[in-house]
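Let me begin by presenting the structure, written as structure tokens, before commenting on it.
Values in this document were obtained by computation on a predicted structure and should not be read as measured data. Order of the sequence lines fixes the chain letters, A, B, ..., with proteins taken first and strands second; residue numbering starts at 1 for each chain.
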Amino acid sequence: MTDGTPHFNIHAFRNALVEWFRREGRDYPWRRTTDPWHILVSELMLQQTTIPTVLGRYDRWMRQFPTPAHLAAVDEQTALRSWEGLGYYRRVRSLQAIAREIVNEFGGRFPDNAEGLKRLPGIGPYTSGALLSFAFNKAAPIVDANVARVLARIDNYSVPVDSTEGQKYLWSRAESLVDPEHAREFNSAIMELGQTCCSISSPDCLLCPVRPFCSAERPETLPVKNPKPQVTRVEHHDILYIRGKSVLLAKCPEGKRHAGMYRFPQREDEHTLSLPHVLKQTYSITRYRVTRYIHHVTDTPLLREGEEFVPLDKIHGLPMASPDRKALNSPTLGKLLDHIR
DNA sequence: AATTCGGGGCC
DNA sequence: GGCCCAGAATT
């Protein structure tokens, strides 16, 4: 059933969804504000990151950087350190670049149109629509994983939602559905529906406010997605080398993964590999399944580009990826580092 | 059109 | 362990 059929009354659909949201919608910090800076921070944090994770970080970030000027004023290292643990660190670089542009070029004001917003780094179709609707209450469409799931089910649409054709269809559909009178609430509502009634594996259609408008025959089988890339297993060998009260760390180069962040130096030579490891970790990063060994080196290693000795009391302030921070805070390494504390 | 970029939470 | 996510940028 689509809005071309006599059964689909678009006004009734919008009203049912918005009224349900007014009753049942959950309270998030980013739903208590229309300040574009606060909305922008929440949207960048939430890109490919779950609400529970962001809830644990959002308020602290907003206290530290209450305005674009606050983030614009600190160095990149500080921004990365504050983002630590959230991953996809390009997001915080984009956020800081936006903050500086807003302050220095736009007199502290955000663009309120899609063309202006999409020119900013890290802002694509979704985040642009989110800012326009959540901050400015403009009738811009949004399509995220929640909206894609809801729309695919409502239309019983079985083309992969992550295909070009699927994306084109969903964006067009979202644009035709968004309520021009209540854009902010409508977009919040359709996302909320995807998180609650219209969840992935066990949709609760009995509680769904828009069930009369839904064509899904087997909702749990929708949406269809393209297959994921295969997981590759890799092994990394890194070193812990202590000199005086300092530890040898490497700064990750620009343009690569974890750019600007610090890590334990990598060594894959036979001598290092022959040393027993003091720590073994396994973790996943994007499509890689990593087994990582940290070897305790006592002979002075040859220093490489980007490697430097960092006093132990300075390491806390440097940005590190989660596995490295966890390694540093592990009891095993902690015991070794206690000697130089 | 495919790949790169993290990490935590959940099952 | 595998799966998922309030995506965007790059190749």
Return the polar atom pairs (N/O with N/O) between nucleotides 9-11 of chain B and the protein under 3.5 Å, or none.
none

Under 4.0 Å from any atom of DNA chain C, heavy atoms only: list the residues of residues 126-142 of chain A that qualify, in numerical order.
Tyr126(A), Thr127(A)
Should [X] and [Y] count as side-chain neighbours, where that means a heavy-atom distance under 4.5 Å?
| X | Y | answer |
| --- | --- | --- |
| Val310(A) | Val247(A) | no |
| Arg119(A) | Glu101(A) | no |
| Phe21(A) | Ser188(A) | yes |
| Asp59(A) | Pro29(A) | yes |

In terms of relative ring orientation, are His237(A) and Tyr293(A) parallel, tilted or perpendicular, with 30° and 60° separating the classes?
parallel
Report the distance from atom [atom1] of [X] to atom [atom2] of [N], rounded to the nearest whole Å.
| X | N | atom1 | atom2 | value |
| --- | --- | --- | --- | --- |
| Met45(A) | dG8(B) | CE | P | 14 Å |
| Leu55(A) | dA6(C) | CG | C1' | 12 Å |
| Leu44(A) | dC5(B) | CG | P | 19 Å |
| Asp162(A) | dC5(C) | CG | P | 10 Å |
| Gln195(A) | dC5(C) | CD | P | 11 Å |
| Gln230(A) | dT3(B) | CD | P | 11 Å |
| Arg57(A) | dG8(B) | CZ | C1' | 11 Å |
| Asn146(A) | dG7(C) | CG | P | 8 Å |

For Pro223(A), give me all partners under side chain to side chain contact (heavy atoms under 4.5 Å, CB included), at least two apart in sequence or on another chain.
Arg149(A), Ala152(A), Val161(A), Lys225(A)
From the options [options], select the nucleotide whose nearest atom is closest to the side chain of [X].
| X | options | result |
| --- | --- | --- |
| Arg90(A) | dT10(C), dG6(B), dC4(C) | dT10(C) |
| Lys225(A) | dC4(C), dG8(B), dG6(B) | dC4(C) |
| Arg91(A) | dG6(B), dA6(C), dT4(B) | dG6(B) |
| Arg233(A) | dG2(C), dG6(B), dC4(C) | dG2(C) |
| Ile285(A) | dG6(B), dG8(B), dA6(C) | dG6(B) |
| Gln47(A) | dA6(C), dC5(B), dA8(C) | dA8(C) |

[X] near the nucleic acid: base, sugar-phosphate alone, or nothing, with a heavy-atom cut-off under 4.0 Å?
| X | answer |
| --- | --- |
| Arg149(A) | sugar-phosphate |
| Gly194(A) | nothing |
| Pro229(A) | nothing |
| Tyr283(A) | nothing |

Result for ring-ring contact (aromatic ring centres under 6.0 Å, His included) between Trp61(A) and one of Trp37(A), Trp83(A), Trp30(A) points to Trp83(A)
Hydrophobic cluster membership, with links at side-chain heavy-atom distances under 4.5 Å among I/L/V/M/F/W/Y: are Ile239(A) and Leu273(A) in one?
no
Could you tell me how far dA8(C) sits from dG8(B) if I compare only their P atoms? Round to whole Å.
22 Å
Distance, P atom - from dA6(C) to dC5(B), rounded to whole angstrom
23 Å
So, is [X] close to the [N] phosphate, meaning a side-chain N or O under 4.0 Å from OP1 or OP2?
| X | N | answer |
| --- | --- | --- |
| His258(A) | dC5(B) | no |
| Lys168(A) | dA1(B) | no |
| Arg287(A) | dT4(B) | yes |
| Arg289(A) | dG2(C) | no |
| Arg257(A) | dC5(B) | yes |
| Tyr288(A) | dC5(B) | no |

Is it possible for you to check whether Arg173(A) lies under 6.0 Å from the centre of the six-membered ring of Phe13(A), through NZ or CZ, and within 45° of that ring's axis?
no
Comparing Thr164(A) and Ala321(A) on DNA chain B - which has the more 5′ nearest nucleotide
Thr164(A)
Assign each of Asn226(A) and Tyr88(A) the nucleotide of DNA chain B bearing its closest heavy atom; nearer the 5' end lies the nucleotide of Asn226(A)
Measure from the side-chain N and O atoms of Arg184(A) to the backbone N and O of Phe134(A), and report whether any donor-acceptor pair falls under 3.5 Å.
yes
Does Ser322(A) make a side-chain donor-acceptor contact with the base of dG8(B), cut-off 3.5 Å?
no
For the pair Ser82(A) and Gln64(A), evaluate side-chain hydrogen bond (donor to acceptor under 3.5 Å, both in side chains) and give the outcome as yes or no after the intermediate values.
CA-CA 9 Å; Ser82(A) 295; Gln64(A) 187 177 5; 2.9 Å; yes
Can you work out whether Ile123(A) or Glu43(A) has the more 5'-proximal nearest nucleotide on DNA chain C?
Glu43(A)
Does the pair Arg81(A)/Glu84(A) count as a salt bridge with the N-to-O cut at 4.0 Å?
yes
